[in-house]
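Everything below concerns the one structure shown next.
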Amino acid sequence: SSTLTPRVTGFFLFEKFASKVGRSFRCAKMKISLLVLALAGVCLAAEPTVHFKDEFDDGDKWEDRWVHSTFKGAEAGKFKLTAGKFYGDAEKDKGIQTSTDARFYHASAKFESFSNEGKTLVLQFTVKHEQSIDCGGGYIKLFPKDTDQKKLHGDSLYYVMFGPDICGPATKKVHVIFGYKGKNLLTKKDIRCKDDEFSHLYTLIVNPDNTYEVKIDNEKVESGSLEDDWDFLAPKKINDPEAKKPSDWDDRKKIDDPEDSKPEDWEKPEHIPDPDAEKPEDWDDEVDGEWEPPMIDNPEYKGEWKPKQIDNPAYKGEWVHPQIDNPDYEADDNLYRYTDVGAVGFDLWQVKSGTIFDNILVTDDADYAKKVGEETWGATKDAEKKMKSDQDEQEKKEREAAEAEKKAKEEEEKKDDGEEEDEEEGA
């Protein structure tokens, strides 16, 4: 063995220390680099994709983006740009309004087509029924990229239909309809819409895990599973066609009491001649026929006799049909998916026009949609209500003033008529 000098030993120890420090520095540097890349990736992933956004804030240029269908000819109505009779902001609240009663409204705008595969799909817009709508749609649709805008009509293929529909007191619901394999599927749930005169924000969120959420005014009103709440697929289970209820199965909870019998004095006629009725003195049997007293309800009539009911000792409960796996059921993990969404638009019939549509958004980010809703609808909704309240108050004052003026005029006319009568009597 050899013995190292203190100087050589010190050199080797220093080299070992330096190597360790270098490795630690390189490792730390690599970790920092990976962290930066990860943060950058998160930032990139968080950036929303906006497929379409229209707040109608550029004057008449909206007409360059939107195409009116000519399919219905003279029955077709036109949208016009306006903030309406009351609003929170005269410019920000401008949208497109249905303008003529009893008309069809078909208008659409195209954008670069996309697939929502693996991504969230969000459709959002505002609706204001300032005309106090009695019957008409307020919903929006997503269409395929190859939609013929000039020939758009009620039977045109669409992927999603979403929004309020009102017709009388019975129909006040939010439609959520999905196109799937040539069929338009309505939700099984009853989602109530707003039916007042103010602007409301409607949001539909469809997730890649086949779940959904419906929001009104940025508040959740419904959510669930696409498979559970729509008839996309055949049922997983069906009644076993080979199974039948046994012939001796008794599912009657109650039966007639075999010991009970009808009382002897039960049978009484339902109606009897009125004992207090008397034949009129001027009644002529030869002319009027034989007189008969009118009939009255018999106070002793007890109705149809029925034996009392007792528990059925042979009752086995309700028979439940056995179920089996449905051979026609096929799972589909892509119920949410559309591969070529390329247009958004309206396909409506309105008896009473005046609905304003605004703040239309198609994106892949629910949080971004919420933020846009707060910055648009949320920023002007209170001022809109105040303006409407002020208008109502002013109209009330004008109405009361007109009624007071009319009443004063009538009283003045009565006074003048009275003076003229006095003059005539004096003469």
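Since the model is a prediction, treat every value here as computed from it, not as a measurement.
For residues 205-261, the set of pairs meeting the disulfide (SG to SG under 2.5 Å) definition, not counting sequence neighbours, is empty. Residue pairs meeting the salt bridge (charged side-chain N to carboxylate O under 4.0 Å, His left out) criterion with at least one partner in residues 167-189, sequence neighbours excluded, are K172-D195, K188-D231, K189-E222, K189-D229.
Qualifying side-chain contact (heavy atoms from CB on, under 4.5 Å) partners for E410, counting only residues two or more places apart in sequence or in other chains: K406. Applying the side-chain contact (heavy atoms from CB on, under 4.5 Å) criterion to N334, with sequence neighbours excluded, gives D332, Y336, R337. By the salt bridge (Lys or Arg N to Asp or Glu O under 4.0 Å) test, K388 pairs with E197, D392, sequence neighbours left out. Every residue meeting the side-chain contact (heavy atoms from CB on, under 4.5 Å) condition with A107, not counting sequence neighbours, appears here in chain and number order: W66, H68, F79. For T120, the side-chain hydrogen bond (donor to acceptor under 3.5 Å, both in side chains) partners two or more places apart in sequence, or in a different chain, are N207. Every residue meeting the side-chain contact (heavy atoms from CB on, under 4.5 Å) condition with S353, not counting sequence neighbours, appears here in chain and number order: T98, D101, Y105, Q350. The salt bridge (Lys or Arg N to Asp or Glu O under 4.0 Å) test applied to K308 returns D257, not counting sequence neighbours. When the side-chain hydrogen bond (donor to acceptor under 3.5 Å, both in side chains) test is applied to S113, no partner is found at least two apart in sequence or on another chain.
Looking only at side-chain heavy atoms (C-beta outward), Y212 and L335 stay at 4.5 Å or farther from each other.
Using a distance-only test at 3.5 Å, with no hydrogens or angles considered, no donor-acceptor pair links the side chain of T126 to the main chain of W377.
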Pairs of donor and acceptor atoms involving the side chains of residues 135-147, under 3.5 Å and at least two apart or interchain, shall be tabulated with distances.
unit_1	atom_1	unit_2	atom_2	d
K141	NZ	D347	OD2	2.6
T147	OG1	P144	O	2.8

Side-chain donor-acceptor pairs under 3.5 Å in residues 314-330, sequence neighbours left out?
unit_1	atom_1	unit_2	atom_2	d
H321	NE2	D240	O	2.8
H321	NE2	A243	O	3.4
Q323	NE2	N239	OD1	3.3
D325	OD1	K237	NZ	2.5
N326	OD1	D328	N	2.9
N326	ND2	P235	O	2.8
Y329	OH	E227	OE2	2.9

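Aromatic rings of F357 and F346 (six-membered ring for Trp) have centroids within the 6.0 Å cut-off, being under it.
Between D58 and K94 no salt bridge is recorded (no basic side-chain N to carboxylate O distance below 4.0 Å). Ionic pairing of K407 and E403 is not present here: no N-O contact between side-chain nitrogen and carboxylate oxygen is shorter than 4.0 angstrom. The existence of a salt bridge linking E384 and K386 is excluded, since no basic side-chain nitrogen approaches an acidic carboxylate oxygen closer than 4.0 Å.
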Next item on the list: Evaluate the salt bridge (charged side-chain N to carboxylate O under 4.0 Å, His left out) criterion for residues R252 and D250: first the C-alpha distance (whole Å), next the side-chain angles of each, then the deciding distance (0.1 Å), finally the verdict.
Entry: CA-CA 6 Å; R252 298 172 301 161; D250 196 335; 3.1 Å; yes

